[in-house]
Protein chains: 2
Amino acid sequence: MYELPQDITQEKPDVFRKKCPARYLLSRVSGKWSMLIVDALHNKNLRNGELMRIIEGISQKMLTQTLRELEEIQLVKRHDMQTVPPHVEYELTELGKSLREKICAMDRWIEENMLELIANNPSIQLKRNKT
Amino acid sequence: MYELPQDITQEKPDVFRKKCPARYLLSRVSGKWSMLIVDALHNKNLRNGELMRIIEGISQKMLTQTLRELEEIQLVKRHDMQTVPPHVEYELTELGKSLREKICAMDRWIEENMLELIANNPSIQLKRNKT
DNA sequence: AAAAGTACGCACCTTTTGGTAACCATGTAG
DNA sequence: CTACATGGTTACCAAAAGGTGCGTACTTTT
């Protein structure tokens with residue numbers, strides 16, 4: 001895992017610099033599941049089970065782990081209702097909502113341009129065998 | 001690596017669906033180095049060595065590998081000048097330039113909000129030891 | 001003659017990531 | 001009394017990602 005530099009405040013933010021916190025944050029946000037979770041949380045708070053159903057293929061472990069990481073960087077807020085059986089909701093923070101717009105813009109762009117992106121692509125054909 | 005589904009054309013694009021090509025594309029774009037390379041290529045074509053100097057910490061292997069992947073999904077074009085010594089330039093395609101805007105928006109957002117994102121964060125302090 | 005720059009490819013090995021399965025506590029449904 | 005749902009945690013292991021170092025081939029510089 002990427003390590004933060006010793007001296008945070010002296011850096012001017014720059015994702016191209018190896019030791020800049022911005023680079024660490026980019027690596028968190030661009031993790032396999034992070035953008036999907038932020039995207040899924042777009043218009044309402046969701047519970048663990050709901051997120052599992054929306055994001056096809058995520059495991060319980062990775063969902064929990066990624067949510068904890070997103071909490072750590074202030075993008076997601078966890079609401080534990082303290083009931084039995086457990087009821088926990090996840091919500092985007094204000095920062096999270098702000099970033100969500102950038103992420104959704106990317107996700108929608110990819111969806112819209114999907115066919116162009118995979119067109120005329122011999123090596124992608126080769127990858128089709130396993131799944 | 002994520003595998004593409006058997007039947008591409010029958011899918012409506014949806015990053016949340018495990019087998020949708022959009023999900024594969026998202027995983028490519030959100031790879032550790034992909035967004036940095038696309039971001040770096042913003043206003044002019046760059047050579048291998050220039051990219052290495054701009055993107056601190058990338059290895060030759062990962063640079064080449066990621067450039068090949070970006071070529072595969074039509075985001076980057078490779079121009080080999082066929083000279084000796086070798087002169088090769090990398091350029092964003094039209095698709096690449098279009099996506100670059102979304103990526104840059106994210107990168108700049110992260111840089112702008114960096115201090116807020118890492119503020120008040122005990123566990124990030126713990127990660128500061130190694131690098 | 002030797003070294004350095006150019007843009008890689010390949011093999012090897014380590015680190016990181018992520019999946020599976022088992023477990024926990026509790027309450028409700030059948 | 002048993003099964004199931006809830007929202008997790010933990011240990012174990014396999015796979016993927018990624019770094020290091022070496023080799024290539026040719027030219028220019030020293």
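Each chain gets a letter, A, B and so on, in the order its sequence line appears, and its residues count up from 1.
Inspection of the B/Glu94 and B/Ser98 side chains reveals no N or O donor paired with an N or O acceptor under 3.5 Å.
Between B/Asp14 and B/Lys12, no side-chain nitrogen of the basic residue sits less than 4.0 Å from a carboxylate oxygen of the acidic one, so the salt-bridge criterion is not met. A salt bridge between A/Glu50 and A/Arg53 is absent, with no side-chain N of the basic residue lying under 4.0 Å from a carboxylate O of the acidic one. A salt bridge links A/Arg17 to B/Glu56: at least one charged side-chain nitrogen sits closer than 4.0 Å to a carboxylate oxygen. The pair B/Arg108-B/Glu111 meets the salt-bridge criterion, with a side-chain N (NZ, NE, NH1 or NH2) lying under 4.0 Å from an Asp/Glu carboxylate O.
Within the 3.5 Å criterion, the main-chain N or O of A/Leu63 finds no donor-acceptor partner in the side chain of A/Thr66. Distance alone, capped at 3.5 Å, is enough to place a donor-acceptor pair between the B/Arg23 side chain and the B/Phe16 backbone. Looking only at distances, a side-chain donor or acceptor of A/Asn113 sits under 3.5 Å from a matching main-chain atom of A/Trp109. No donor-acceptor distance shorter than 3.5 angstrom exists from the side chain of A/Glu91 to the backbone of A/Arg78, with no hydrogens or angles considered. The closest donor-acceptor contact from the side chain of A/Thr93 to the backbone of A/Lys77 lies at 3.5 Å or more, if one exists at all.
Atom-to-atom, CG of B/Leu67 to C1' of D/dG18 comes out at 15 Å; the value is rounded to the nearest Å. Protein atom CZ of B/Arg78 is 12 Å distant from nucleotide atom C1' of C/dT6, rounded to whole Å. In this structure, A/His87 places its NE2 atom 15 Å from C1' of D/dG8, rounding to the nearest Å. When the P atom of C/dT17 is taken as reference, atom CG of A/Leu63 falls 17 Å away, rounded to whole Å. Rounded to a whole Å, the CD atom of A/Gln65 is 13 Å from the P atom of D/dG8. The distance from atom NE2 of A/His79 to atom P of D/dG8 is 13 Å, rounded to the nearest whole Å. Atom CD of A/Gln82 is separated from atom P of D/dG7 by 13 Å (rounded to the nearest Å). B/Met62 has its CE atom 7 Å from the C1' atom of D/dA17, to the nearest Å.
For B/Thr64, counting side-chain heavy atoms from C-beta on, the closest listed nucleotide (D/dG8, C/dC8, C/dG19) is C/dC8. Proximity note for B/Arg68 (side chain, C-beta onward) versus D/dG18, C/dC8, D/dT9: the nearest is C/dC8.
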Just by protein heavy atoms under 4.0 Å, how would nucleotides 21-30 of chain C read 5' to 3' in B, S and -? -----SS---

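Annotation: proximity of residues 43-60 of chain A to DNA chain D (heavy atom, distance under 4.0 Å) is found for A/Arg47, A/Asn48, A/Gly49, A/Arg53, A/Gln60, numbered in ascending order. Annotation: proximity of residues 31-42 of chain A to DNA chain D (heavy atom, distance under 4.0 Å) is found for no residue.
Annotation: side chain of A/Met52 is in contact with side chain of A/Ile58 (closest heavy-atom distance under 4.5 Å).
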